[in-house]
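Written below as structure tokens is the structure these notes are about.
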Amino acid sequence: MSAVDIVDRPPPPPRGWPRRRVLGYALLALWALLALALVWFLVTAWKPEIFERYAPSYVDGVKVTLLLVAISVAIGAVLSVPIAYARMSNNKVLAAISYAYVYFFRGTPLLAQTFLIYYGLGSFRPALESVGLWVFFREAWYCAIFAFSLNTAAYQAEILRGAIDSVSRGQWEGAAALGLPRWVTLRKIILPQALIVALRPYGNEIILMIKGSAIVAIITVYDLMGVTRLAYARTFDFQTYLWAAIIYLVIVEVLRHGIEWIERRITIHLKR
Amino acid sequence: MRLSLRVALAAASTAMLMLGAAQAQEKVLKIGSEGAYPPFNNLTADGKLEGFDIDIAQALCDEMKVKCEFITQDWDGMIPALKAGKFDAIVASMSITPERLEQVDFSHKYYNTPSAIAVPKDSAIKGVAKEDLAGKTIGVQGSTTHFNFASKNYPDATVKPYPTAQEYQLDIANGRLDAVEDDIVVLTQWLDSPDGACCKILGQPSPQPVEIFGPGAGVAIRKGETDLANKLNAAIDAIRANGKYKEINDKYFKFDVYGSES
């Protein structure tokens, strides 16, 4: 029997208008209608005076959001390396500490962490002053970066650990058989393969941070969401929120495409 | 299966019909309030609303012979929730301002107290004039008349808006703020509590323009509900006249918060 014989051909597409097809088109029409309604709403709700008055603060808000996420993700990336290392370490104490860290920061809401760091630590002002840390924790902006960095470090450590684990043990053993030091093995053999695996989750983490950063106004750092709420409080116009949603969407789309582009570049050698 | 589903549906719809009938018999006025603005509105330990606003609302409902039902709502979403029909009236110390009047209608005021500024006890700030607070950081609750006033009146200061009064109170106690601005009654209540041990009232800014603060706090209702507005106004006048207002007032305050008769 040749291979061709056992291939099941897909059934021919049904003719006419079976129920499923009607339903599909109806749903599609519904979505299209919703999209149109949204566009229509934005066009009719458009008020130049609101735009003129609040556009500058939206620009500031976007800057705050992007800067906050960029700095936090960068610091988190640096922090995640030792945490991931400790997580995979054979040393029981190190592994336990890093496990507890990841457990805590992944298991509690970012909002609670940010609140605790800003208002909670703030009530230990004398102690912080005596060790000279108050200058840092006095500023809401630093507190936000601190909280966000610690949070994303926990997630990134898990991404890194998972990615390194995904490279088969045989690679380590092969490198060891060739007499390569562990560090060189990690840097030249394991990480290049692991980072391909890690890229998508990293992208997701950045996107989640962008959306997660919307809570930061609670500690008076006015990001995109914060300025939106202030604008809404003055205008009571829902388009303020719609604009924020659209800006978030654009940021996330740009990021997603950027990450896809990077992925295409670094997986060229895997394409057949 | 089919049959039991039908029976359940029929039962559910009958129940709903009966519920509707019950509602028609006893009119319920749903009232939204914030619950983070003591002594005007606050949450008890078990999550119920209490305070001056709530007592006044209850008295107004009694006067109008309707049943009150209270709903807790974040300050920022108060007016949208009213417009969306989540409740029928806002009794949450909401000042009657021109901006809000574009969105909702108001009853007459049911109280009017001035704005004041509080500072840490060891503060070197001398007065509440524009120059005294230049370069300082002032905490306020966001989306309030106090925020609007502080931004306008103290252009050389940094005005930090907080989600609720509790957060700026925490932050001035922590030493991150040089001053806070809010309703004098709210500030006094906080300063009298253990949490307010850090700070003192510095003074009242003057003048306090009506175009920012409005004539006082009123009951907000959806636009066009003139019938309800008239009933509320009559009820406010009635409790002012029959001593109920004074009774509630004296439960919370040492002076008449109604302000000048208008």
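Computed from a prediction, not measured in an experiment: that's the story for all the values here. Chain identifiers are assigned alphabetically (A, B, ...) following the order of the sequence lines, protein sequences preceding nucleic acid strands; residue numbering begins at 1 within each chain.
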Would you find more than 12 non-hydrogen atoms of other residues, nucleotides or ligands less than 6.0 Å from A:Y103 atom OH?
no
Contact part of A:I218 toward chain B, heavy-atom cut-off under 4.5 Å: side chain, backbone, both or neither?
both
Could you pull out the closest heavy-atom pair between A:Y232 and B:P80, with the gap in Å?
OH-CG, 2.7 Å
One should read off an interatomic distance between A:Y118 OH and B:R176 CZ, to the nearest 0.5 angstrom, of 4.0 Å
Sort B:Y168 into side chain, backbone, both or neither according to what part of it lies under 4.5 angstrom from a heavy atom of chain A.
neither
Determine whether more than 12 heavy atoms belonging to other residues, nucleotides or ligands lie under 6.0 Å from atom OH of A:Y142.
no
On a heavy-atom basis, the closest approach of B:Y162 and A:Y222 is N-OH, 4.4 Å
Between atom CD of B:Q103 and atom CG of A:D237, what is the distance when rounded to the nearest 0.5 Å?
8.0 Å
Hey, what do you get for CZ (A:F236) to CD1 (B:I79), rounding to the nearest 0.5 Å?
3.5 Å
Shortest non-hydrogen contact between A:T220 and B:P161, atoms and distance
CG2-O, 3.6 Å
Criterion side-chain contact (heavy atoms from CB on, under 4.5 Å) on B:D76 and A:R229, from CA distance to verdict
CA-CA 8 Å; B:D76 276 348; A:R229 275 169 52 188; 3.0 Å; yes
Establish, from distance only, whether the side-chain atoms of A:R234 and B:N148 form a donor-acceptor pair under 3.5 Å.
yes
For A:F136, does the CZ atom have more than 12 heavy-atom neighbours from other residues, nucleotides or ligands under 6.0 Å away?
yes
Whether over 12 other heavy atoms sit under 6.0 Å from B:D74 CG:
no
Give a yes or no on whether B:K130 atom NZ has more than 12 heavy-atom contacts from other residues, nucleotides or ligands under 6.0 Å away.
no
Are more than 12 heavy atoms from other residues, nucleotides or ligands located less than 6.0 Å from atom NZ of B:K152?
no
May I ask you to check whether over 12 heavy atoms, not counting those of A:F104, lie within 6.0 Å of atom CZ?
yes
Tell me whether the count of non-hydrogen atoms from other residues, nucleotides or ligands lying under 6.0 Å of CH2 in A:W40 goes above 12.
no
Quick check: closest heavy atoms across B:K160 and A:A140, and the distance to 0.1 Å?
NZ-CB, 4.4 Å
From B:D171 atom CG to A:R138 atom CZ, the distance as rounded to the nearest 0.5 Å:
9.0 Å
